[in-house]
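Structure record follows, encoded as structure tokens.
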Amino acid sequence: MSKKIVVLAGDGIGSEIVAQAVKVLDCLNQDFDLNVEMEHGLVGGSAYDETGSPLPEATLTLAKESDAVLLGAVGGYKWESLDIAVRPEKGLLGLRSELELFANLRPAILYPQLAHASTLKEDVVSGLDIMIVRELTGGIYFGQPRGIRTLDNNEKQGFNTFIYKESEIERIAHVAFETAMKRDKRLCSVDKANVLECTELWRAVMIRVSKEYPEIELSHMYVDNAAMQLVRAPKQFDVMVTTNMFGDILSDCAAMLTGSIGMLPSASMDKNQKGMYEPIHGSAPYIAGQDMANPLATILSVAMMLRYSLGSEELAVKVEKAVETALNQNLRTADIYTDGDIKVGTEGMGDAVVAALKA
Ligand code: NAD
């Protein structure tokens, strides 16, 4: 039986990078018997322009009825002055919460071909393979109350709420421990338990859940130290688990270890392995429409989709190998280019991956 994917290109470079991922899926359909049907929908600023909402009902229905969602990116200057309730980012946050995608997996892997493209010394990053597990539907990004209020003296005050229930921490803890079981069995939980009660509870729940996974070596680190350790000695980490906001920041930091944010895919999962797959970067408005964006994070997100939601480890590995083949041919988009490489655009990189799949 065929599986259904909804494709949401979004804004900025979204349509360019997603087009390359769709080429990969088309190739897998034609040449490797992947039986998926794709439907396209609107999200973000482009959805707001057409419908007045960054997450139209039709998109949400499509997403709910699909087996997996492939997303490009949302946002851009054009929509920055809109009320926060209808900004493009609300479309993305809405999808994550409506689909209950509470577990965000963000692998930071350094391809050996890109060791010299990282801003860090080669010996610090070569061999890097970290999995960041970020809680995605709770914490300060969703906590209530929130807003900007005017005080008695007419001064404005902005406020947000950092909030987690035990059950929310428990479910992400299980995903993190299960992930670590399939890897090097080391899990580092990142919090700020010395200052924030919310993460004092986070730490206590992590310790409690760890009793069910005696094989896993659990450690704890404050987020400020974790940021420093990620650039000082990143290879000390195997799996990291953290809150929504800390994971957002730390995974961008980890992205740079791999050469470029254009290389990092992600999977956001619900409890039934339904997932939304997207590069971790944004809509990069500066380079949109110029055939400059790196499509590999989006193509690698397709590999994650194959692995986690479409049940095909074999095709996932094929896609990852095809990406490596393109890199072995020294093909590089501008963000990962260094002297001596062959510069290609978004389309050129997508074509190279498809050619490697067909070879
Ligand atoms: P960004 O990730 O779009 O860009 C950061 C930097 O990385 C820029 O220099 C950009 O040119 C570069 N970059 C990003 N993706 C790239 C790619 N594939 N290839 C080459 N270079 C790439 O972050 P930003 O500039 O902070 O935000 C731009 C817009 O994107 C904002 O509206 C923001 O809200 C939105 N955003 C969306 C998401 C998402 O959709 N998941 C995530 C982050 C930011």
Side-chain angles (χ1 to χ4, degrees), residues 7-21 42-49 54-55 59 69-82 84 86-97 99 101 104-106 114 117-119 134 136-137 141 244-245 247-268 275-302 304 323 326-327 331-338 341 343-350 353:
V7 179
L8 307 174
D11 310 316
I13 59 171
S15 55
E16 299 164 68
I17 52 174
V18 160
Q20 310 315 310
L42 290 168
V43 72
S46 45
Y48 173 81
D49 287 347
L55 180 57
T59 300
V69 180
L70 176 66
L71 186 122
V74 298
Y77 319 120
K78 188 179 167 192
W79 302 286
E80 269 170 12
S81 56
L82 286 178
I84 198 164
V86 288
R87 273 191 215 149
E89 292 74 10
K90 273 283 170 195
L92 184 58
L93 293 180
L95 269 173
R96 288 172 180 168
S97 68
L99 300 178
L101 306 172
N104 186 216
L105 304 182
R106 298 187 156 199
L114 298 183
S118 172
T119 47
R134 167 188 170 196
L136 203 61
T137 50
Y141 288 1
N244 202 344
M245 182 168 68
D248 191 2
I249 298 165
L250 292 179
S251 58
D252 267 32
C253 182
M256 274 322 292
L257 308 174
T258 71
S260 166
I261 198 165
M263 294 298 298
L264 257 73
S266 79
S268 308
M276 181 159 81
Y277 299 84
E278 53 177 316
I280 77 155
H281 58 74
S283 59
Y286 277 122
I287 58 168
Q290 298 172 49
D291 193 37
M292 273 179 72
N294 185 345
L296 293 181
T298 318
I299 292 174
L300 289 167
S301 300
V302 168
M304 293 188 89
V323 167
L327 294 175
L331 301 173
R332 304 281 188 274
T333 42
D335 57 312
I336 49 174
Y337 174 85
T338 48
D341 294 330
K343 203 181 260 183
V344 289
T346 313
E347 283 263 349
M349 187 59 101
V353 174

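Just so you know, ligand 1 is whichever comes first in the structure, and atom 1 is the first atom listed for that ligand. Here, residue 1 is the first one in the sequence, and each next residue gets the next number.
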Looking at [Y], is its backbone amide N or carbonyl O close enough to the side chain of [X] to form a donor-acceptor pair, meaning the two atoms are under 3.5 Å apart?
{"X": "N294", "Y": "T346", "answer": "no"}
{"X": "D252", "Y": "I249", "answer": "no"}
{"X": "N244", "Y": "L136", "answer": "yes"}

How about OH on Y286, more than 12 heavy atoms from neighbouring residues, nucleotides or ligands closer than 6.0 Å, or not?
no

Using a threshold of 4.0 angstrom between heavy atoms of the protein and any atom of ligand 1, which residues qualify?
I13, A73, V74, G75, G76, E89, L92, I261, G262, E278, H281, G282, S283, A284, P285, I287, A293, N294, D335

When you check the side-chain N and O atoms of S46 and D49, is any donor under 3.5 Å from an acceptor?
no

Can you name the one residue among S266, S268, S251 that meets side chain to side chain donor-acceptor pair (under 3.5 Å) with R106?
S251

